[in-house]
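Computed from a predicted structure; not experimentally measured. Labels below follow one simple rule: chain letters A, B, ... track the order of the sequence lines, proteins then strands, and each chain is numbered from 1.
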Amino acid sequence: MNQCDWQGATARIPWRPALSFSSSPFVTILHFLYKIMAVHGPFVKIHPVVLASIVDSYERRNEGASRVIGTLLGTADKHSVEVTNCFSVPHNESEDEVAVDMEFAKNMYELHKKVSPSEVIIGWYATGYDITEHSVLIHEYYSREAPNPIHMTVDTALQSNKMNIRAYVSSQMGVPGKTVGVMFTPLTIKYIYYDTERIGVDLLQRTRASPSRTNGLTTDLAQVASAAGHVQEMLSTMLSYIEDVLSGKVMADNSVGRYLMDLVNKVPKITAEDFESMLNSNINDLLMVTYLANLTQAQIALNEKLVVL
Amino acid sequence: ENLPFFITCLVVLKIIKHYQEEGQGSEVVQGVLLGLVVEDRLEITNCFPFPQHTEDDVDFDEVQYQMEMMRSLRHVNIDHLHVGWYQSTYYGSFVSRALLDSQFSYQHAIEESVVLIYDPIKTAQGSLCLKAYRLTPKLMEICKEKDFSPEALKKACIGYEHMLEEVPIVIKNSHLINVLLLDLQEKSTVADKPELLNLSSSNHLEKSLQLLMDRVDGMSQEIVKYNTYCRNLTKQQQQKQQYLQRRQQENTQRQSRGEPPLPEEDINKMFKPPQAPPRMDTLLIAGQVNNYCQNIKAFTSQNLGKLFMAEALQGHSS
């Protein structure tokens, strides 16, 4: 496992508690570094299946538990970390103590490894908004399992009317030799999809529109029709924008104009006869295949009847 | 009779991910579906994948893996009722003896279990292709008897269309998942790639037709086998008749000469009836051919629509 390179950067910031925070240039440097940590730091790429799994575990939590935790699995390389799977781990949390079922976590990881041997433990997640002291303890345990684990929080209680999804990595802070503390630095999150995942998520989005939160899977021609409708919507938005510009209501923007020019030029210019012949040959192919398919179906139906005679 | 059953977003995403990461080419990936039965309606709430069978894992115990997985999942309050299984498919080829056997064992235990067939290639072409199938009650009867001879199938009047019945799927999400989906849509920076409106079709058609040809070849072989059996049967009947006639003639001759008639011999022992070929394979092949044809027709209808749209676009700009 490669050690992530950026860990060095955080360790270099000394933190002197005795310093007054009002007018020191040190504070500005600190703020600046925080900013670039958050923006240029390594990425965490999350697949939607992980988030769906976390929400599902939260919905099934035991009575009295305010949050759930679990292990994150995935792959890590020099620049980024990709989270592709997760499973929840039973744990008990009270005011003074926290107990995590480590056996269970190990077992589940072994089982998962049988299916996808390339996935490794790269961190853990917890639902809820804040990072508590118990989180620090749990994070320490995970530091033993993986080099530089990531901690992810998913705010399922919707404290800010949104599901805040954050990722952190921990780093040591403090004066060397004296008490050492742990600081969680935020990381940028990117949602990444496989192509098929994105298509699946597009379909799942439609359940939001229906009042019973349900959605059936559509038939073939209907899908083409809906995709065409989508394109039509986009075209009409563009047309209304263009009309606004022409009538002077909106300022003309050159870059948008260039995009529009590109778009119009993208429609391939083919002579009418060439296009006719291409279209006809394609249609002929498809019709022939349909004919063959129907013929085959009739044939096997006939065979069926003959055997029964 | 065939009520649609519910499936949650988590199961869909997990199945997609499983194939994407572990499946290559024409290998199938399989897994188990977990859920519960609510007022004779099935609800699938979770799933877990099966590892691929590799040669060096000969001592891998599938049953043990399943047991351990289910025990662990029960600890975290995930429904642990085995309500079915899923499988990926290559261009729609899944009607096989193995599928039938597995589905029969599941359905025997739980009446409402289904097999989910996920078609990754069709999904990559633009829209999620997930279908659920169940064995028809007639087929269940036959499988229970384990009698696949032509007479039994004829009695039950099973055609290839009555083997598997499709069950409609409905995706049901909780409110929290809907919030998550809303969040994802806002934050996602992935542009909309319109694969659905892609015009190229020859590659897909070629592969589908190739698979169809293979199966039709297999089918014709089965038909030839059956025809030879029928011919042998009729030939044997004729031979039996001839033998009986000769026997009678001889006996009348002997009677006329005053000698005792020859003993009646057991005719069936002399002419053993030919072995009837099992009809199950033919049925399966026919079912598979039917499935291929349906898929091809769906694909061509979509493409015809797209071609007509392209024509309209050209017509306006030229």
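Interface remark: A/Ala301 contributes backbone and side-chain atoms alike to the contact with chain B (heavy atom separation under 4.5 Å). Interface residue B/Ile78: backbone and side-chain heavy atoms are both found under 4.5 Å from chain A. In this structure, the portions of A/Asn62 lying under 4.5 Å from any heavy atom of chain B include both its backbone and its side chain. For chain A, the nearby parts of B/Leu176 are the backbone and the side chain; heavy atoms of each come within less than 4.5 Å. Within the 4.5 angstrom heavy-atom criterion, only side-chain atoms of B/Leu205, from C-beta onward, approach chain A. In this structure, chain A has heavy atoms under 4.5 Å from both the backbone and the side chain of B/Met69. Proximity to chain A is absent for every atom of B/Phe299, based on heavy atoms less than 4.5 angstrom apart. Only the side chain of B/Asn46 comes within contact range of chain A, with at least one heavy atom under 4.5 Å from a heavy atom of that chain. If you measure heavy-atom distances from B/Val216 to chain A, the contacts under 4.5 Å come from the side chain alone. Both the backbone and the side chain of B/Pro49 come within contact range of chain A, each with at least one heavy atom under 4.5 Å from a heavy atom of that chain. Heavy-atom distances place both the backbone and the side chain of A/Ser53 under 4.5 Å from chain B.
Contact tally against chain A (heavy-atom pairs below 4.5 Å) for B/Ala310, B/Ser72, B/Ser301, B/Gly305: the top residue is B/Ser72. Between chain A and the residues B/Val29, B/Thr123, B/Val12, B/Ile296, the most heavy-atom pairs under 4.5 angstrom are made by B/Thr123. Ranked by non-hydrogen atom pairs under 4.5 Å with chain B, the options A/Thr290, A/Leu111, A/Thr156 are led by A/Leu111. Among A/Ala225, A/Ser57, A/Ser116, the residue making the largest number of heavy-atom pairs under 4.5 Å with chain B is A/Ser116.
In this structure, B/Met219 and A/Asn303 have side chains that are in contact, with non-hydrogen atoms separated by less than 4.5 Å. Between B/Thr8 and A/Asp56, the closest side-chain pair of non-hydrogen atoms is not below 4.5 Å. Put simply, the side chain of B/Glu21 reaches to within 4.5 Å of the side chain of A/Glu119, judged on heavy atoms. Between A/Val201 and B/Leu13, the closest side-chain pair of non-hydrogen atoms falls below 4.5 Å. For the pair B/Leu283 and A/Glu304, the minimum side-chain heavy-atom distance is below 4.5 Å. Proximity of A/Asn294 to B/Cys293: side-chain heavy atoms (C-beta onward) are nowhere separated by under 4.5 Å. Looking at heavy atoms from C-beta onward, B/Leu73 lies out of side-chain contact with A/Phe87 at the 4.5 angstrom threshold.
Residues A/Pro90 and B/Val76 approach most closely at CD-CG1, 3.9 Å, considering heavy atoms. Closest non-hydrogen pair, A/Leu279 versus B/Leu307, comes out as CD1-O, 3.7 Å. The two residues A/Lys114 and B/Pro51 have their closest heavy-atom pair at O-CB, 3.3 Å.
A distance of 10.0 Å separates CD of A/Glu59 from CG of B/Leu10, quoted to the nearest 0.5 Å. With values rounded to the nearest 0.5 angstrom, A/Asn282 atom CG is found 11.5 Å from B/Lys306 atom NZ. The distance from atom CG of B/Leu180 to atom CD1 of A/Ile165, rounded to the nearest 0.5 Å, is 5.5 Å. Remark: B/Gln288 CD to A/Ile300 CD1 distance equals 10.0 Å, nearest 0.5 Å. One distance of note links OG1 of A/Thr296 with CE of B/Met213; it measures 11.0 Å at 0.5 Å rounding. Rounded to the nearest 0.5 angstrom, A/Ile46 CD1 and B/Leu184 CG are separated by 9.5 Å.
One finds no salt bridge joining A/Glu197 and B/Lys14 here, because no Lys/Arg side-chain nitrogen approaches an Asp/Glu carboxylate oxygen to under 4.0 Å.
For residues 285-308 of chain A, no pair satisfies ring-ring contact (aromatic ring centres under 6.0 Å, His included), with sequence neighbours left out. Sorted by first and then second residue, the salt bridge (Lys or Arg N to Asp or Glu O under 4.0 Å) pairs with a member in residues 271-295 of chain A form an empty list; sequence neighbours excluded.
Under a cut-off of 6.0 angstrom, the local environment of CD in A/Gln299 is sparse, with at most 12 non-hydrogen atoms contributed by other residues, nucleotides or ligands.
With A/Val115 as the partner, the side chain to side chain contact (heavy atoms under 4.5 Å, CB included) test is satisfied by one option alone out of B/Tyr65, B/Phe48, B/Phe50: B/Tyr65.
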| task | Take A/Leu287 and B/Leu304, measure what side chain to side chain contact (heavy atoms under 4.5 Å, CB included) needs, and give me the verdict at the end. | result | CA-CA 9 Å; A/Leu287 286 177; B/Leu304 278 173; 4.2 Å; yes

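Remark: the backbone N or O of B/Asn77 is paired with a side-chain donor or acceptor of A/Arg60 at under 3.5 angstrom.
Between the side chains of B/Gln20 and A/Thr196, at least one donor N or O sits under 3.5 Å from an acceptor N or O.
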